[in-house]
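Position 1 is the first residue of the sequence; numbering continues from there.
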Amino acid sequence: MTRYLIVAHGTRGDVDPFVALGGILAGRGHDVTVHTHAGYEAAVRHRGARFVAVDSVAAYRRHLRRTRDLIREPVSSDVGAYYRDPELFLDRVSVAGGFDQLRGEVDGLLAAGTGTVLVGRLHSALSVLIAAELTGAPVCQISLTPFQQLTAPVTALHLARSAGERLNALRAEYGLPPVRAWAAWLTRAHVRFGLWPRWFDEAGTRSPGGVSLTGFPLADQRSEDPIASRPHRGAAVLVTGGTGRMLHDAFYSAAVAGLAAAGRRGLVVTPHRDLLPRRLPRGVEHRTALPFAEVMPTVAAVVHHGGIGTVARALAAGTPQLLLADGGDRPDNARRLERLGLARWLPPQRWDAATVAAQLTELGTGPAPVPPGMREQHAPLQAVADCLPR
């Protein structure tokens, strides 16, 4: 039996794969603890792993409110964009409580003692890297999209300019020397995984060497076969920007206006009602949450922000996709899908009602092609579990 400590930050699409991985490891008889946001306690315990909250529910909600503005926060300098406030940088990588939360995460990982394996996401699991230096524990870094791997040097630059001084001060509290080579520190790991398939990797700039690609995990899977419901696909179009708030201001208004212009029924899913137009057109309904594993195969199409979890769920269901992608990894995800003929993409400057409506009309109502391997819902994370240090 091995002790695994998993750190997960972000919105549901970021956290779900780590919770599911914890469940797989726990099911194999290992001692697993998942350190993540307070709202995921039930999901972690349901999978059979121990749970440690890295924040409170209220703090996480404050973080989500703040992240809506983070896309516009970086300012220009002679070395690129960076955050003036180091706390904002940590917010950007989903350490919602800033340096206090980071310190608490490190202390929580250290409390488990030696003889552990530490798992976290590239960019966000800074506590994993610090704890590994103090304990000598092996580190597994997981990326959810190619963009995360490809932009690691840029993130390191932001880290150095925005939060490096504060982070080195925190390291000094634990007796660690200052970091000078941030890019090397940020990517140090014994094993590295990318949770996407090779065909997706090859549709754009390829990931660097040393990253094992596993395929898309369907971490929120509930249905036995997501393809089975395809014959019952309805006329409604699903619209979602994920569970977070880091969205272009015009995302929901453009999607809803496009539905109205196309005369399509819509189902808009977001927990944040204030992001939507005050009045929705006739035939467009709002829900705070829905189980996409069940809903995705039943809708005519999905308009979404380009989050990788939504991408994978739509691909597995054979649901036609229109991506209104802006910020972070989303445009890169969208370009790869468009090159593969698996989705349509509109950048923000083309988000007018007529263009969105035309794209929806061209998508039609028939099923989209399902790429190879998308039925293998558990295999990607099982592959990670097979290769983790013991």
Side-chain angles (χ1 to χ4, degrees), residues 10-14 67 70-72 123 143-151 154 194-207 213 215-218 237-259 262 268-270 275 292 296 299-364 368-371 374:
T11 55
R12 182 174 176 181
D14 303 302
T67 55
L70 289 180
I71 290 178
R72 298 185 295 275
H123 299 324
S143 300
L144 304 180
T145 67
F147 185 84
Q148 291 175 358
Q149 279 290 337
L150 296 171
T151 58
V154 178
L195 300 187
W196 60 90
R198 187 159 301 281
W199 52 260
F200 188 73
D201 198 68
E202 293 173 350
T205 304
R206 298 187 182 186
S207 303
L213 304 183
F216 290 127
L218 302 179
V237 174
L238 176 66
V239 175
T240 180
T243 57
R245 299 176 64 93
M246 194 181 292
L247 293 168
H248 191 289
D249 287 342
F251 173 81
Y252 281 112
S253 59
V256 169
L259 287 177
V268 183
V269 181
T270 174
L275 298 184
F292 284 0
M296 193 70 75
V299 296
V302 57
V303 180
H304 67 94
H305 60 316
I308 202 66
T310 309
V311 163
R313 178 55 60 199
L315 289 173
T319 303
Q321 304 182 58
L322 172 59
L323 279 66
L324 306 184
D326 176 66
D329 62 326
R330 299 160 186 173
D332 183 65
N333 296 337
R335 291 187 190 99
R336 292 172 190 265
L337 291 175
E338 190 170 60
R339 290 188 189 114
L340 292 163
L342 295 173
R344 294 174 178 269
W345 172 49
L346 291 175
Q349 58 268 28
R350 299 186 62 200
W351 289 3
D352 59 276
T355 303
V356 174
Q359 291 290 312
L360 284 172
T361 300
E362 292 179 20
L363 277 179
V370 179
M374 291 307 303

How long is the span from the [atom1] atom in [X] to the [atom2] atom in [Y], to the nearest 0.5 Å?
X    : Y    : atom1 : atom2 : answer
Q359 : R344 : CD    : CZ    : 5.0 Å
D326 : D249 : CG    : CG    : 9.5 Å
L238 : L259 : CG    : CG    : 10.0 Å
L340 : F200 : CG    : CZ    : 7.5 Å
L275 : F251 : CG    : CZ    : 10.0 Å
Q149 : L144 : CD    : CG    : 10.5 Å

So which heavy atom on [X] is nearest to which on [Y], and how close?
X    : Y    : answer
A254 : L324 : CB-CD1, 4.5 Å
P331 : A325 : N-CB, 3.9 Å
V370 : G318 : CG2-CA, 3.8 Å
L150 : S207 : CD2-CA, 4.3 Å
P371 : W199 : CB-CZ2, 3.3 Å
V356 : G258 : CG1-CA, 3.7 Å

Is it true that a side-chain atom of [X] and a backbone atom of [Y] form a donor plus acceptor pair closer than 3.5 Å?
X    : Y    : value
T319 : V302 : no
D329 : F147 : no
S143 : T145 : no
Y252 : G241 : yes
R336 : T205 : yes
T240 : H304 : no

Partner residues of W345 under the ring-ring contact (aromatic ring centres under 6.0 Å, His included) criterion, sequence neighbours left out: none
Check against side chain to side chain contact (heavy atoms under 4.5 Å, CB included), H123 and T151: CA-CA 9 Å; H123 299 324; T151 58; 3.7 Å; yes
Set of residues satisfying side-chain hydrogen bond (donor to acceptor under 3.5 Å, both in side chains) with respect to T355, sequence neighbours excluded: D352
Among T310, N333, V311, side chain to side chain contact (heavy atoms under 4.5 Å, CB included) partner for H305: T310
Side chain to side chain, V256 and V239, heavy atoms closer than 4.5 Å: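 V256 does not reach V239 side chain to side chain.
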